[in-house]
Number of protein chains: 2
Amino acid sequence: MLEKDPRNISCSTCLRRKENLLSGIMGEEVEHLEDHKTCNYYKKNQYLFVEGSFPRGVFCINEGKVKIFKRGDGGKEQIIQIAKGGDLVGFRAMFTEDAYKVSAETLEECNICFIRKEDFLPMLDTNPMLRNGILKELSRELADRADFITNMAQKSVRQRLAFSLLLLMEIYKDEPINISREDMANFVGTATETLIRLLKDFKEEGIIEINIRKISVLDSKKMLYVSGH
Amino acid sequence: MLEKDPRNISCSTCLRRKENLLSGIMGEEVEHLEDHKTCNYYKKNQYLFVEGSFPRGVFCINEGKVKIFKRGDGGKEQIIQIAKGGDLVGFRAMFTEDAYKVSAETLEECNICFIRKEDFLPMLDTNPMLRNGILKELSRELADRADFITNMAQKSVRQRLAFSLLLLMEIYKDEPINISREDMANFVGTATETLIRLLKDFKEEGIIEINIRKISVLDSKKMLYVSGH
DNA sequence: TGTAAAAAATGATCATTATCAATATTTTAG
DNA sequence: CTAAAATATTGATAATGATCATTTTTTACA
């Protein structure tokens with residue numbers, strides 16, 4: 001259970017901030033951030049923003065997981081990314097001055113801070129470290145997505161699932177992976193039924209363990225092998 | 001046939017530059033650019049850079065098409081993007097201070113200018129317009145790749161081919177699309193044989209016309225319909 | 001805490017697309 | 001201009017993965 005009134009989260013002491021893109025912010029800029037950010041508790045399955053709407057600022061996840069996804073023409077979700085504590089979410093659309101091209105929804109209860117555009121963008125001009133960090137981050141994500149596309153095009157569903165489970169393992173750290181079969185299928189890019197069958201295979205092969213819906217990877221070496229990497 | 005000694009290409013009068021990210025460069029910065037850039041003629045199938053190598057600068061395509069691709073674990077290429085005259089290529093890896101994650105190879109003869117890192121990066125600090133342009137461009141491409149991933153996951157090969165042909169149509173402007181079946185298959189993310197069969201279908205349906213290997217889209221409205229968008 | 005709704009799991013079937021093999025056409029280089 | 005190499009095309013077959021229908025389990029909440 002998370003703190004439901006997270007207003008006391010402080011930027012100056014926030015450990016998340018010290019490890020993310022905002023770590024370059026110093027002195028009075030931190031104070032300004034602290035005074036102007038808001039922080040809210042989100043239940044599971046709440047939207048942060050929706051495809052087509054216009055960005056008002058950037059979200060900084062303190063606790064919890066958020067899925068970033070796009071709806072295909074049939075309305076089916078494709079999950080592009082799963083963001084976790086420490087990640088900044090939704091700042092890309094701010095630069096294009098365009099509507100969001102993806103949506104963001106919590107996968108579990110979250111504490112998430114919000115920094116308005118007007119408070120965030122000026123820091124780009126005054127803070128070369130932040131600027132460079134963002135350029136670096138955008139470039140890194142671009143490279144990740146080239147990988148994603150290549151995997152999608154060239155790997156079997158079994159291989160993609162294996163690789164996705166390794167990614168999810170990193171996102172969920174030591175905790176078991178706790179995500180609905182449908183979301184997982186929409187991340188891997190397959191049908192829910194196919195995903196469930198493959199999970200069963202992995203279980204029978206001793207690579208994973210399933211408790212109710214939570215998945216633990218038992219043999220990540222074998223998983224990497226199965227992923228074809 | 002292209003000019004094989006393109007040293008006379010001038011940044012100050014370059015129409016390509018005036019329409020791309022470098023349009024914000026003014027006055028003596030243009031002169032500096034002009035003095036420090038180099039410009040070369042490339043034959044078909046020449047590499048600009050290879051996955052794993054380290055970037056020394058950025059390429060500015062004056063004439064010709066360049067494929068940006070990644071090799072999957074089997075060595076098979078996945079084309080991520082096809083760059084054309086006016087496009088800047090290879091600047092992402094410069095920000096990550098990391099090796100290239102993709103390769104770039106000419107699809108036809110090209111004239112391409114090269115700006116060294118040392119001449120390019122400092123402009124980021126002095127030129128907010130360039131900086132914002134690049135943030136915008138990176139964000140836009142990130143959105144494009146989310147689309148790419150979603151199409152890859154949710155659309156049939158037939159739909160993806162239709163969509164790819166529309167993209168290629170824009171890239172090739174009025175000229176017929178001139179790209180090998182293998183490259184096209186590696187862009188769509190399918191087997192060459194499947195691609196050829198589908199092209200045949202499109203031809204029989206009157207949506208495209210094929211001359212030797214060059215493809216002209218006859219009915220782009222129908223093509224859009226077939227693409228499922 | 002019981003019940004309805006949602007999510008997960010299983011089974012059967014079908015369609016799409018990959019793969020392998022062979023041939024035809026086009027391009028390249030001597 | 002011609003032979004060799006590369007590319008494009010066609011055919012046959014197999015495998016992967018989607019879809020639809022149904023049952024079981026889990027979750028939410030009155």
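All values derive from a computational prediction rather than experimental measurement. Quick note on labels: first sequence line is chain A, next is B, and so on, each numbered from 1.
For Ala146(A), the side-chain contact (heavy atoms from CB on, under 4.5 Å) partners at least two apart in sequence or on another chain are Lys70(B), Ile80(B), Val102(B), Arg145(B). The salt bridge (Lys or Arg N to Asp or Glu O under 4.0 Å) check on Arg213(B) picks up nothing, with sequence neighbours excluded. When the side chain to side chain donor-acceptor pair (under 3.5 Å) test is applied to Ser227(A), the partners found at least two apart in sequence or on another chain are His229(A). Every residue meeting the salt bridge (Lys or Arg N to Asp or Glu O under 4.0 Å) condition with Arg92(A), not counting sequence neighbours, appears here in chain and number order: Glu141(A).
For the pair Phe202(B) and Leu161(B), the minimum side-chain heavy-atom distance is below 4.5 Å.
What separates CG of Leu107(A) from P of dA7(C) is a distance of 13 Å, to the nearest Å. In this structure, Ile196(A) places its CD1 atom 13 Å from C1' of dG11(C), rounding to the nearest Å. Note: CG (Asn186(B)) to C1' (dT7(D)) measures 14 Å, nearest angstrom. We find that CD of Gln154(A) is positioned 17 Å from C1' of dT16(D), with the value rounded to whole Å. For the pair Asn45(B) CG and dA6(D) C1', the interatomic distance rounds to 12 Å; values are reported in whole Å. Separating the CG atom of Leu199(B) from the C1' atom of dT10(D) is a distance of 14 Å, rounded to the nearest angstrom. Atom CG of Asp201(A) and atom C1' of dT16(D) are 13 Å apart (whole Å). In this entry the distance linking CD of Glu109(A) with P of dA28(D) reads 12 Å, nearest Å.
When all heavy atoms of Phe187(A) and Phe148(A) are compared, the pair lying nearest together is O-CZ, 3.8 Å.
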*Going 5' to 3' through nucleotides 14-30 of chain C, assign each nucleotide B (protein heavy atom under 4.0 Å from a base atom), S (under 4.0 Å only from sugar-phosphate atoms) or - (no protein heavy atom that close).*
---SBBB-----SS---

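Using a cut-off of 4.0 Å between Lys/Arg side-chain N and Asp/Glu carboxylate O, Arg140(B) and Asp98(A) are scored as not salt-bridged.
Terminal axes of the helix from dT1(C)-dA30(D) to dG30(C)-dC1(D) (five pairs each, C1' rotation axis) are separated by 60°, to the nearest 10°.
Ring-plane geometry between Phe49(A) and Tyr100(A) is classed as parallel, the angle between the planes falling under 30 degrees on a 0 to 90 degree scale with a further cut at 60.
Taking only side-chain nitrogens and oxygens, Lys200(A) comes nearer than 4.0 Å to OP1 or OP2 of dT10(C).
Of the options Thr106(A), Ile82(A), Leu107(A), a side-chain contact (heavy atoms from CB on, under 4.5 Å) to Val66(A) is made by Thr106(A) and by none of the others.
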